[in-house]
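Chain letters run A, B, ... following the sequence lines, proteins first, then strands; residues in each count from 1.
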Amino acid sequence: MSSSVQSPPPVVVPAGTTAGTAIRDAGLAGKGPDAIVVVRDPDGRLRDLAWAPGSEVQVQPVAADTDDGRGVIRHSCAHVLAQAVQQLFPEAKLGIGPPVADGFYYDFDVERPFTPDDLQALEKRMKQIIKGAQRFARRALESVDAAREELAAEPYKLELVDIKSDVDTAEVMEVGDGELTVYDNLDPRSGEAVWGDLCRGPHVPTTKHIPAFKLMRTAAAYWRGSEQNPQLQRIYGTAWESQEALDGYLERLAEAERRDHRRIGAELDLFSFPEEIGSGLPVFHPKGGIIRREMENYSRQRHEESGYEFVNTPHIAKSGLFHTSGHLPYYADTMFPPLSFEGEDYYLKAMNCPMHHLIFRSRGRSYRELPLRLFEFGAVYRYEKSGVVHGLTRARGFTMDDSHIYCTPEQAPGELRSLLRFVLDLLADYGLSDFYLELSTRGEGGKFIGSEKEWEEATETLRRAAIDSGLELVPDPGGAAYYGPKISVQAKDAIGRSWQMSTIQVDFNHPKRFELEYTAADGSHQQPVVLHRALFGSMERFFGVLTEHYAGAFPAWLAPVQAVGIPVADEHLEHLQQVAKALRAKGIRVQVDASDDRMQKKIRNHTTQKVPFLLIAGGKDVAAGAVSFRFRDGSQINGVPVDRAVAEIADWVARKENVSPSAENFEADG
RNA sequence: GCCGCCUUAGCUCAGUCGGUCAGAGCGACGCACUCGUAAUGCGUAGGUCGGGGGUUCGACUCCCCCAGGCGGCUCCA
């Protein structure tokens, strides 16, 4: 997201003067994408332009095309939406209406859900309101009682007033800072209040300062985020500093839709979700199977090189095992119901760890064996609620590239550091390079087991490893698994979206529950530390993320079909068959298109299938013992000698180049 | 699980007010064409309109239930 190239210099606001006047006197923009919409006071608080400080202060002007500026525009736009809703649906009660990433929403309690037609009508009314240049005017309420009186008809707002002390968060914009304020929308001519809303602000000066907006969709949302509360109807919208910025945003959404792995998976014949199998249970077609196999093979190789040992475990086990692990007591509702036979309940496994622990425990272990690193592509099944299943990124059956590292407490810090390095290196090999880390720690509630001290130690160990990596570290309080804290690696894809990939967890709980132990050098029996880690999260999710990252144009080493020979005419087929044979001998997945289609059609077909190397041969090429390259981007290199073409393709694939080959970066004509 | 929307040929979609509306493009298949960088032409096959129940003289169309999908909420070991 672009923002002002450089922020404007600070502005001095004399006592008794409004910030807006000072801004104007300083010659800063009052309209356009870089219009100043609010200012930041010396305490870091955003203030309306109508704010007039009691004594002289220096403020930082905030332009529309900054993150803060957009946030204010969006928040103001949410007010305009609420006004429009209450005009068109007078019975609507207001929930909350904060800005969010890329937009805003407002929740309403209404008789019936909004329809697409309603959204159109609301947009129209909002445009009228914006055109009307209503002024946003801040007004402090005398007291809580005065607030209750004023908001008598708004039950949800009343609730916020009553609990205001504990909802002072970024999302609840309504109240804050020990003072209750209302923003009135004033008619510019009469000065009369047309509409008002409990709100801490700040806002743009007038509705005219909302240059571009669009209502996006409706959804239901629980009041204050709890399933126990009534569901309100939420309207999502977006607002930007200019029409161009809005268009740019809509284009980014369109691009994300074109990259959607569910769409590309069907277009490229990679995988599907047969209804007959069940929701959230993918099958991989041959082409998807090749990509998956390549992904797995490389990962396997790297793990072997890094001292992992490979194990295999079954998909179901008796209930006792999951009682021991703690899954059934704590997470029974996310496991599939049991199969009962021979007087036993068998559960599909939701995690591989219990099985791996049993392998560790299968015989006495010596400290000399540690760290013991067990690895498995282990399929797990989780009962995800019907509303959350989403393509490959949220499935009910998936394969974790799971491993459990058993080590001594002394080994743990070093093991964690090298583990994190290993994880980041391997992700980079697949073309992801923009990461940040999240540290999930213990929160309130009975979900967490183990002593405070254990948690503290484990959290510190993780934190140190995370800090050593040099990456940005985002805290996630309360996000830990029940048995220990975790680091997760978030990777950004080609269009800037973040995905949770790897998780690394310290577990001091399972060693106890499973009575894991090793014999130390002094002959004593000690409990190992267990590190859980899934590098890709799940193979399916990683597959989906890579698909979207590359928009289906997979690196040549992963591409299901790496090269296709296209003859100009049938008489050139034989020549290409020879080229294909040579490529196949080098392990390249190559086809020759001998169909009845015209050459142009073949080029189109294989281009839309995102084949990295198209090898075209006509009379000239045959005569010269050459082929002509055409790449995904349409660029060409003509007349490359066959030997050289074969060697360069094989080398490109062997190097695991992640960019798409093109005339510019492919060394075949040198 | 909750709210809303959606489901018509392999894919993408059209189908008015309940009654000649079972339709198109792509794909598949067949025939002709043999061509130098993103769609050659002609033809053929393919659907009990997601499944089940109901209303009606009559249902792709209206109602109910179920399944699957989409967007959110909640959740995510």
Residues, nucleotides or ligands: over 12 heavy atoms within 6.0 Å of [X] [atom1]:
X      : atom1 : value
A/E452 : CD    : no
A/K512 : NZ    : yes
A/E515 : CD    : no

For [X], side chain to side chain contact (heavy atoms under 4.5 Å, CB included) partners two or more places apart:
X      : answer
A/R394 : A/E384, A/V388, A/H390, A/R541
A/A556 : A/P612, A/F613, A/W652, A/V653
A/E276 : A/P274

Rounding to a whole Å, what distance do you find between [X]:[atom1] and [N]:[atom2]?
X      : N     : atom1 : atom2 : result
A/E275 : B/C6  : CD    : C1'   : 13 Å
A/I566 : B/A39 : CD1   : C1'   : 13 Å
A/L232 : B/G4  : CG    : C1'   : 14 Å

Show every donor-acceptor pair shorter than 3.5 Å between a side-chain atom in residues 486-493 of chain A and any protein atom, with sequence neighbours excluded, or say none if there are none.
residue, atom, partner, partner atom, Å
A/S488, OG, A/Q490, OE1, 3.2
A/D493, OD1, A/I495, N, 2.9
A/D493, OD1, A/G496, N, 3.1
A/D493, OD1, A/R497, N, 3.0
A/D493, OD2, A/R497, NE, 3.1
A/D493, OD2, A/R497, NH2, 2.8
A/D493, OD2, A/W499, NE1, 3.1

Quick one: label [X] by what it contacts on the DNA or RNA (base, sugar-phosphate, nothing), any heavy atom closer than 4.0 Å.
X      : result
A/Q233 : sugar-phosphate
A/T115 : nothing
A/M351 : base
A/Q505 : sugar-phosphate
A/D597 : nothing
A/Y383 : sugar-phosphate
A/K620 : base

Check: Which residue, A/F273 or A/Q600, contacts RNA chain B at a nucleotide closer to its 5' end, judged by nearest heavy atom?
Finding: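 With A/F273 and A/Q600 compared, the 5'-side residue is A/Q600.
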Next item on the list: Would you kindly compare A/R632 and A/S386 by the position of their nearest RNA chain B nucleotide and give the one closer to the 5′ end?
Entry: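 Result: A/S386.
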Give every pair of a protein N or O atom and an N or O atom of nucleotides 24-30 of chain B that lie under 3.5 Å apart, one pair per line with the distance.
residue, atom, partner, partner atom, Å
B/G27, OP1, A/K601, NZ, 2.7

When the ring centroid of [X] is compared with that of [Y], is the distance short of 6.0 Å?
X      : Y      : value
A/H404 : A/H510 : no
A/F543 : A/H261 : no
A/F666 : A/F631 : yes
A/Y106 : A/F104 : no

Sugar-phosphate or base contact per nucleotide [[range]; S, B, -; heavy atom under 4.0 Å]:
range                        : result
nucleotides 8-13 of chain B  : ------
nucleotides 61-66 of chain B : ------
nucleotides 43-48 of chain B : ------

Nucleotide N/O to protein N/O under 3.5 Å, stretch nucleotides 31-34 of chain B:
residue, atom, partner, partner atom, Å
B/U34, N3, A/D570, OD2, 3.2

Checklist line | With A/F377 via ring pair (Phe, Tyr, Trp, His ring centres under 6.0 Å) - residues at least two apart | finding: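 Scan of A/F377 (ring pair (Phe, Tyr, Trp, His ring centres under 6.0 Å), adjacent residues dropped) gives A/F375.
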Notebook entry, point to check: When you look for runs of 3 or more Watson-Crick or G-U pairs in a row, both distances below 3.5 Å, which of them include RNA chain B?
Noted result: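 Paired runs of 3+ in RNA chain B: B:1-7 with B:67-73, B:10-13 with B:23-26, B:28-32 with B:40-44, B:50-54 with B:62-66.
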Check: What's the verdict on ring-ring contact (aromatic ring centres under 6.0 Å, His included) for A/F89 and A/F114, showing C-alpha distance, side-chain angles and the deciding distance?
Finding: CA-CA 10 Å; A/F89 305 88; A/F114 297 107; 5.4 Å; yes
Pairs under 3.5 Å (N/O, protein and nucleotides 71-73 of chain B):
residue, atom, partner, partner atom, Å
B/G71, OP1, A/R262, NH2, 3.1
B/G71, OP2, A/R262, NH1, 3.3
B/G71, OP2, A/H390, ND1, 3.4
B/G71, O2', A/R217, NE, 2.7
B/G72, O3', A/Y236, OH, 3.2
B/C73, OP1, A/Y236, OH, 3.4
B/C73, O4', A/A220, O, 3.1
B/C73, O2', A/Y222, N, 3.1

Notebook entry, point to check: Using a cut-off of less than 4.0 Å, is there contact between a side-chain N or O of A/S279 and OP1 or OP2 of B/G69?
Noted result: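 Answer yes for this pair, as a side-chain N or O of A/S279 is under 4.0 Å from OP1 or OP2.
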Next item on the list: Indicate whether OP1 or OP2 belonging to B/G4 is found under 4.0 Å from a side-chain N or O atom of A/R112.
Entry: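 No, because none of the side-chain N or O atoms of A/R112 sits under 4.0 Å from OP1 or OP2 of B/G4.
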Note to self: I'd like to know if A/R394 reaches the base of B/C76 with its side chain such that a donor and an acceptor end up less than 3.5 angstrom apart.
What the structure shows: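 Indeed, a donor on one side and an acceptor on the other fall under 3.5 Å apart.
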Note to self: The side chain of A/R604 is closest to which nucleotide in this list: B/A39, B/C75, B/C3?
What the structure shows: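 Of B/A39, B/C75, B/C3, B/A39 is nearest to the side chain of A/R604.
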